[in-house]
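Let me begin by presenting the structure, written as C-alpha cells, before commenting on it.
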Amino acid sequence: MTRTLQIAAPDDWHLHLRDGEALYHVVAATALNFRRAIVMPNLKPPVTNAQMAVAYRSRILQALEAQCNSGQYSDEQVQAMRLFEPLMVLYLTGATTPQDIEQAVESGVVKAVKLYPAGATTNSDAGVSDLLGQCADVLDAMQHLGLPLLIHGEVTDHTVDVFDREAVFIETVLKPLRAAYPKLRVVFEHITTEQAANYVRDHATRDEQGRLLLGATITPQHLLYNRNALFKGGLQPHWYCLPVLKREPHRQALVKAATSGLPQFFLGTDSAPHAKHLKEMSCGCAGCYSAPYAMAMYAEAFEQAGALDDTSLFEKFCSLNGPAFYGLPVNPGRMELARMSCEVPASLPFVSESGIVPLRAGEVLDWTVTRLN
Ligand code: NCD
Ligand code: ZN
C-alpha cells in the first residue's frame with residue numbers, strides 16, 4: 001500500500017512572491033501547498049511602511065483570485081487557494097522610524113521586520129549597513145512591541161570568504177545585537193551552517209510570557225544538498241542561492257536541527273523566483289524557486305534522516321513550531337502527502353518566454369502532496 005503522511009496544514013515562514021506579472025505566475029504554487037506565508041519585502045522599491053505592506057497584501061490576494069478564476073484549477077484546489085493568508089513584513093532601512101513600527105503593529109497585517117545587510121543579496125541595496133548604529137530607536141520599539149526581526153545573517157565584507165559570512169555574522173552582529181536588546185524577538189533566516197544551527201539550538205531563550213526569543217528557518221535545498229551541487233558536471237546556476245550551499249557537515253547539522261523537534265526550528269522555503277534567462281547568464285541571480293515541490297523535498301529530507309517513523313517531528317517543523325513562534329493558531333486544515341513519484345517539470349510559465357526553472361527540474365521526487373484542505 002502507498003504510504004501517506006497527514007499533518008496540520010503547513011505554513012512557509014520565508015517566501016518571495018515578487019510583484020506584478022511574476023507574482024501572478026508564482027502565487028498559486030504557494031497557496032496550493034501552504035496556508036500562510038511570511039512574504040519578504042525586497043521588492044523594487046522595498047516595502048518600508050504599513051501602507052505599502054497593506055497595498056502589497058491586496059495585490060497578492062488579487063493575483064491569487066485571478067488564478068482562482070483562471071479555469072486551471074479544480075474546485076477543491078480553488079477552495080484551498082482561497083484560504084491562503086499572506087503575512088506581511090517591513091524592509092528595515094536607515095530611515096525606518098519607531099512610528100513606522102507602531103503603525104506596522106497597528107495595521108494587524110505586518111508580522112515582522114526584515115534586516116537585509118546592505119549588499120548581502122537580491123534587492124538589498126536599500127538595507128542597513130550599521131544595524132546597531134543606525135537603528136537603535138527602531139530596535140527599541142520592536143523589542144517593546146514584540147515585533148520580530150527577521151535576519152539575513154551574513155556579513156557583507158568582501159574580504160570575508162563567502163562560505164564563512166554566516167558564521168562571522170553570528171560573532172560580529174547577532175551576538176552584540178542580542179546582548180544590546182535581550183528581549184528582541186529574532187528569526188535567523190535560512191540558516192546554512194553548523195555554527196548557526198548550534199547557536200540557535202543553545203541560545204533560544206524565552207521572555208516572561210514564555211515566548212521564544214530566537215528561532216530559525218531552514219530551506220529544502222540546504223537540507224538536501226551541499227556545495228557540490230553547484231559544480232556537478234559544470235556550473236549549475238539553479239542551485240545558486242544566498243546564503244550559498246555549504247559543506248556536507250553543515251548540511252548534516254541542519255538536518256539534525258530540523259528533525260530535532262526543538263520549537264525554535266521551522267520551515268521557510270526561501271523560494272525566490274528568477275526568470276530562467278536571468279539565472280543562466282554571465283552574472284546569474286541568487287535564488288532557488290522551490291515553492292511548487294517544497295513539501296515533497298522536506299518529506300524526502302526527513303525520510304533520509306530516518307525521521308518519518310512517526311509524523312510528529314515532521315509536523316512540528318512544518319506546521320506547529322512556526323505558528324507558536326509567531327503567536328498564531330495552528331491551521332485547522334490538514335495536508336496529506338503520499339509516497340508516490342512526481343516529476344518536476346523542466347520549466348514553468350513565468351514573466352518571460354524563457355519561463356522559470358524550478359529547483360530539481362526534470363527530476364523525479366519520491367513524495368507528492370495529495371491533499372490540502
Ligand atoms: C533571495 C531573492 O532572490 O530575493 N535570494 C536568495 O538567494 N535567497 C533573497 C534572499 O533571501 O537572500
Ligand atoms: Zn529570502
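We count ligands from 1, going down the list as the structure has it; atoms in each ligand are counted the same way.
- Because its NZ or CZ atom is not both nearer than 6.0 Å to the ring centre of Y326 and within 45° of the ring axis, R211 does not count as a cation-pi partner of that residue.
- Backbone and side-chain nitrogen or oxygen atoms of Y240 are examined, and none is located within less than 3.5 angstrom of a nitrogen or oxygen of ligand 1.
- L214 places none of its side-chain heavy atoms less than 4.5 Å from the side chain of T205.
- Evaluated for a side-chain hydrogen bond (donor to acceptor under 3.5 Å, both in side chains) with H238, the options R360, E280, K279 yield exactly one hit, E280.
- Side chain to side chain, H14 and E189 meet the donor-acceptor criterion of an N or O pair below 3.5 Å.
- Each of the atoms 12 (O) of ligand 1 lies under 4.0 Å from some heavy atom of H152.
- Here M40 has no heavy atoms under 4.0 Å from ligand 1, in either its backbone or its side chain.
- Every atom of ligand 1 with a heavy atom of T121 under 4.0 Å away is listed here by number and element: 5 (N), 9 (C), 10 (C), 12 (O).
- Contact atoms of ligand 1 toward A286: 3 (O), 5 (N), 6 (C), 7 (O) (distance under 4.0 Å to a heavy atom of the residue).
- Of the N or O atoms in H16, one or more lie within a sub-3.5 Å distance of an N or O in ligand 1.
- Using a 4.0 Å cut-off to heavy atoms of A272, the atoms of ligand 1 that qualify are 1 (C), 2 (C), 3 (O), 5 (N).
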Verify ring-ring contact (aromatic ring centres under 6.0 Å, His included) between F265 and F317, making sure each step is shown before the conclusion.
-> CA-CA 6 Å; F265 296 108; F317 179 74; 8.3 Å; no

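- One side chain, N69 or E65, offers a donor N or O that lies under 3.5 Å from an acceptor on the other.
- Within ligand 1, the atoms closer than 4.0 Å to a non-hydrogen atom of L242 are 6 (C), 7 (O), 8 (N), 12 (O), numbered from 1 in the order shown.
- Closest to the Zn ion (ligand 2) among the N, O or S atoms of H14 is NE2.
- Taking the N/O/S atoms of D270 in turn, the shortest distance to the Zn ion (ligand 2) belongs to OD1.
- The ligand atoms of ligand 1 that sit less than 4.0 angstrom from a heavy atom of C241 are 7 (O).
- With respect to D12, the side-chain hydrogen bond (donor to acceptor under 3.5 Å, both in side chains) criterion is satisfied by exactly one of N33, T217, T269, T30: T269.
- Between H250 and H222, the ring centre distance reaches or exceeds 6.0 Å.
- Screening N49, V47, T48 for a side chain to side chain contact (heavy atoms under 4.5 Å, CB included) with Q51, the sole residue that qualifies is N49.
- The Zn ion (ligand 2) is closest to atom NE2 of H16 (considering only N, O or S atoms).
- The nearest protein atom to atom 8 (N) of ligand 1, hydrogens excluded, is given as D270 OD2, 2.7 Å; this is a heavy-atom distance.
- With a heavy-atom cut-off of 4.0 Å, N42 touches ligand 1 through its side chain alone.
- At least one heavy atom of R18 lies less than 4.0 angstrom from ligand 1.
- Of all atoms in ligand 1, listed by their number and element, those nearer than 4.0 Å to a heavy atom of G287 are 5 (N), 6 (C), 7 (O).
- At a 4.0 Å cut-off, not a single heavy atom of E189 sits close enough to ligand 1 to count as contact.
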Quick one: do K246 and T192 satisfy side-chain hydrogen bond (donor to acceptor under 3.5 Å, both in side chains)? Show the steps, please.
-> CA-CA 7 Å; K246 303 294 192 298; T192 64; 2.9 Å; yes

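- In this structure, R227 satisfies the cation-pi test against F163, with its NZ or CZ atom closer than 6.0 Å to the six-membered ring centre and inside 45 degrees of the ring normal.
- Taking every heavy atom of H14 and a limit of under 4.0 angstrom, the matching atoms of ligand 1 come to 11 (O).
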